[in-house]
Amino acid sequence: QVRLQESGPGLVKPSQTLSLTCTVSGGSITTRYYYWTWIRQPLGKGLEWIGGITWSGDTRYSPSLQSRTAISRDASKNQFTLQMNFVTPEDTARYYCAERGGPWGQGTQVTISS
């Protein structure tokens with residue numbers, strides 16, 4: 001059974017870079033046709049898809065976030081990561097990693113504040 005766990009800082013200052021890691025267990029991130037995604041949800045608002053990386057390493061991003069977002073992976077650690085540059089308080093949200101059509105992590109709260 002595949003499980004996902006997010007990790008990273010809970011507080012980031014404005015204009016800095018947010019970095020989160022998703023550690024996958026119970027399955028390899030390079031297994032064919034897996035698609036690993038990042039999603040966020042600000043308090044009281046809906047879910048927003050940030051982007052994803054396929055089992056083969058191809059990436060896609062939300063057009064509204066593409067210019068300051070990067071998703072990468074470390075197959076040796078079975079992890080994939082999210083980097084978001086120049087964050088603002090509007091990026092405050094609960095961030096989730098998930099396998100498309102499959103399990104989600106429990107999420108991690110990130111607050112952007114000085």
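All of these numbers come straight from a predicted model, not from anything done at the bench. When reading the values below, keep in mind they use all heavy atoms of this one structure, side chains included, and skip hydrogens, waters and symmetry mates.
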Please report the interatomic distance [atom1]([X]) to [atom2]([Y]), rounded to the nearest 0.5 Å.
{"X": "Cys97", "Y": "Gln5", "atom1": "SG", "atom2": "CD", "value": "7.5 Å"}
{"X": "Gln83", "Y": "Thr21", "atom1": "CD", "atom2": "OG1", "value": "9.0 Å"}
{"X": "Leu82", "Y": "Ile39", "atom1": "CG", "atom2": "CD1", "value": "11.5 Å"}
{"X": "Glu48", "Y": "Tyr95", "atom1": "CD", "atom2": "OH", "value": "8.0 Å"}
{"X": "Thr111", "Y": "Asp91", "atom1": "OG1", "atom2": "CG", "value": "11.5 Å"}
{"X": "Phe86", "Y": "Ser67", "atom1": "CZ", "atom2": "OG", "value": "9.5 Å"}

Heavy-atom distance under 4.5 Å between the side chains of Tyr34 and Val24, does that happen here?
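When only atoms from C-beta onward are counted, Val24 and Tyr34 do not touch, as no gap falls below 4.5 Å.
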
Side-chain touch Trp38/Met84, heavy atoms, less than 4.5 angstrom:
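Trp38 vs Met84: side chains apart.
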
If every non-hydrogen atom of [X] is compared with every non-hydrogen atom of [Y], which pair is closest and at what distance?
{"X": "Trp49", "Y": "Tyr61", "answer": "CZ3-C, 3.6 Å"}
{"X": "Thr31", "Y": "Trp55", "answer": "O-CB, 3.0 Å"}
{"X": "Leu65", "Y": "Arg40", "answer": "CD2-NH2, 3.7 Å"}
{"X": "Gly51", "Y": "Ile71", "answer": "C-CD1, 3.3 Å"}
{"X": "Ser113", "Y": "Pro14", "answer": "C-CD, 3.5 Å"}
{"X": "Tyr35", "Y": "Thr54", "answer": "CD1-CG2, 3.5 Å"}

For the pair [X] (side chain) and [Y] (backbone), establish whether a donor and an acceptor sit closer than 3.5 Å, ignoring hydrogens and angles.
{"X": "Asn78", "Y": "Thr23", "answer": "no"}
{"X": "Thr37", "Y": "Ala98", "answer": "yes"}
{"X": "Arg68", "Y": "Asn85", "answer": "yes"}
{"X": "Gln79", "Y": "Asp74", "answer": "no"}
{"X": "Trp36", "Y": "Phe80", "answer": "no"}
{"X": "Arg94", "Y": "Gly107", "answer": "yes"}
{"X": "Arg3", "Y": "Pro103", "answer": "no"}

Do you reckon Ile29 sits in the same ILVMFWY cluster as Val2, going by side-chain contacts under 4.5 Å, direct or chained?
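Same cluster.
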
Honestly curious: do Tyr33 and Ile53 fall in one hydrophobic cluster under the side-chain, below-4.5 Å linking rule?
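Both belong to a single hydrophobic cluster.
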
CA sep, side-chain torsions, deciding dist, call: Ser72, Thr81, side-chain hydrogen bond (donor to acceptor under 3.5 Å, both in side chains)
CA-CA 5 Å; Ser72 60; Thr81 62; 2.7 Å; yes

Would you sort out whether Thr92 and Gln109 count as a side-chain contact (heavy atoms from CB on, under 4.5 Å), showing the intermediate values?
CA-CA 8 Å; Thr92 294; Gln109 178 66 36; 3.8 Å; yes

